[in-house]
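Below: one structure, written as structure tokens.
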Amino acid sequence: MTKEEKYQTIVPQIQALMTGETDEIAKMANMVAVLHETFGFWWTGFYRVEPKAGVGELVLGPFQGPIACTRIPYNKGVCGTAWAQAQTIVVPDVHLFPGHIACSSASKSEIVVPFFRNGVVFAVLDIDSADLNTFDEIDRIYLEQLSHGLI
Ligand code: SME
């Protein structure tokens, strides 16, 4: 199966898995599990926006893979930048992204997709690969289908 065929198979599965469940953490956990198992990524997980004084920060949520940084400030790293810009960021080579936060030296490329509720980013989905150039428009298009209204 091509990458696109895999997404075409799992996106409806994930949509069905989310139906009927209201708990945010439970839904994030299952979404991460499907993506991680299907593609064999290095690290797949959520960072949730923790509102507090000022703009808040990202806090580690459900994930699969090695241990990771627990907190990421607004506008820092790929995750904090995707949150601040409210836009997906595809990073073909993490070493060329200024301010990239290296949770693992094995991570070589990355995609971060903001998740929205009522037009506001409430979490980001971060996927890391141990290879360069893993993510492209196909990943962006299908992962963004998961990012509005499902969680
Ligand atoms: N590389 C990310 C940090 C999170 S870990 O990769 C899991 C970043 O720069 O935001």
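Each ligand, and each atom within it, is numbered from 1 in the order the structure gives. Just so it is clear, the structure is predicted and the values come from calculations on it, not from any experiment.
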Checklist entry - Is K27 close to T22 at the side-chain level, that is, under 4.5 Å between some pair of heavy atoms? => result no
Checklist entry - If you look only at pairs with a residue in residues 122-146, which of them pass as a ring-ring contact (aromatic ring centres under 6.0 Å, His included), with sequence neighbours excluded? => result Y7-Y142, F41-F135
Item to check | Crowding at CD1, I67 (>12 non-hydrogen neighbours, <6.0 Å) | outcome: no
Item to check | Side chain D93, main chain H95, donor-acceptor under 3.5 Å | outcome: yes
Item to check | Residues clustered with M1, ILVMFWY side-chain links under 4.5 angstrom | outcome: none
Checklist entry - If you count only heavy atoms, which residues are under 4.0 Å from ligand 1? => result W43, Y47, A68, I72, G77, V78, C79, H100, I101, C103, E110, D126, D128
Checklist entry - Can you list the other members of the hydrophobic cluster that holds V94, where links are side-chain heavy atoms under 4.5 angstrom apart? => result W42, W43, Y47, V49, V55, L58, L60, F63, I72, Y74, V78, W83, I89, V91, F97, I101, V112, F116, V121, V124
